[in-house]
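One structure is given below, encoded as structure tokens.
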Amino acid sequence: MSPRRRGGRRPVTVRITGIERLRERLASLDTEVIQGLKDGVKASAEAVREETSRTVRHDSGNLSQTVDVRYEEEGLVAHVGWFDDPEFYAHFAENGTRSFPAQPSLRPALEAERGRYRARLTEAVRRALR
């Protein structure tokens with residue numbers, strides 16, 4: 001279970017199943033292919049970070065400057081968002097409140113990249129195989 005944040009809010013998360021099977025399949029791939037996949041993940045994560053930074057609500061400018069990317073699984077998994085307590089209000093800007101309308105930036109950036117993600121990974125692997 002995810003840890004609770006200040007005010008009882010939980011971070012928004014996605015659970016990916018089948019990761020063990022994926023790890024087994026990745027272990028059999030050539031190192032250049034794995035590096036190509038990592039490059040594709042990084043390019044997509046940076047594209048989401050940049051678009052989010054560009055479109056996020058700019059009250060103080062803090063959210064646009066602190067959106068970040070963190071990597072796991074040796075670069076094969078990327079998390080984009082705000083990770084520190086001073087940016088807790090990013091949740092309110094993204095989802096809105098009763099008195100404040102939502103002004104999403106992270107979700108639209110992710111949706112825009114979703115269509116390019118597969119092409120980025122395919123191209124990165126093709127480059128690695130040349």
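The figures that follow rest on heavy atoms only: side chains count, while hydrogens, waters and symmetry mates do not.
- Across F92 and T97, no two heavy atoms sit closer than the pair CD2-CG2, 3.7 Å.
- Across A45 and A78, no two heavy atoms sit closer than the pair CB-CB, 3.6 Å.
- Counting all heavy atoms, side chain and backbone alike, V67 lies closest to S53 at CG1-CB, 3.7 Å.
- To the nearest 0.5 angstrom, D39 atom CG is 7.0 Å from R127 atom CZ.
- S105 and T55 make their closest contact through CB-OG1, 3.4 Å (heavy atoms, listed as atom of the first residue, atom of the second, distance).
- Between the side chain of Q103 and the backbone N or O of V56, no donor-acceptor pair lies under 3.5 Å.
- Interatomic distance, L37 CG to T122 OG1, rounded to the nearest 0.5 Å: 9.5 Å.
- Residues meeting the side chain to side chain donor-acceptor pair (under 3.5 Å) test with S44, sequence neighbours left out: E113, R120.
- One finds the OG atom of S64 at 10.5 Å from the CZ atom of R49 (value rounded to the nearest 0.5 Å).
- Remark: the backbone N or O of G75 is not paired with any side-chain donor or acceptor of K42 at under 3.5 angstrom.
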Quick one: do H79 and V69 satisfy side chain to side chain contact (heavy atoms under 4.5 Å, CB included)? Show the steps, please.
CA-CA 6 Å; H79 301 272; V69 180; over 6 Å; no

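- Tracing side-chain contacts under 4.5 Å through hydrophobic residues (I, L, V, M, F, W, Y), one reaches Y71 starting from L106; they form part of the same cluster.
- In plain terms, the two heavy atoms of V41 and Y117 that are nearest each other are CG2-OH, 3.6 Å.
- Within the model, atoms CG of L63 and OG1 of T52 stand 11.0 Å from one another, a figure rounded to the nearest 0.5 Å.
- With R107 contributing its side chain and E94 its backbone, the two residues share a donor-acceptor pair below 3.5 Å.
- Residues T66 and N62 share a closest heavy-atom pair of OG1-O, 2.8 Å.
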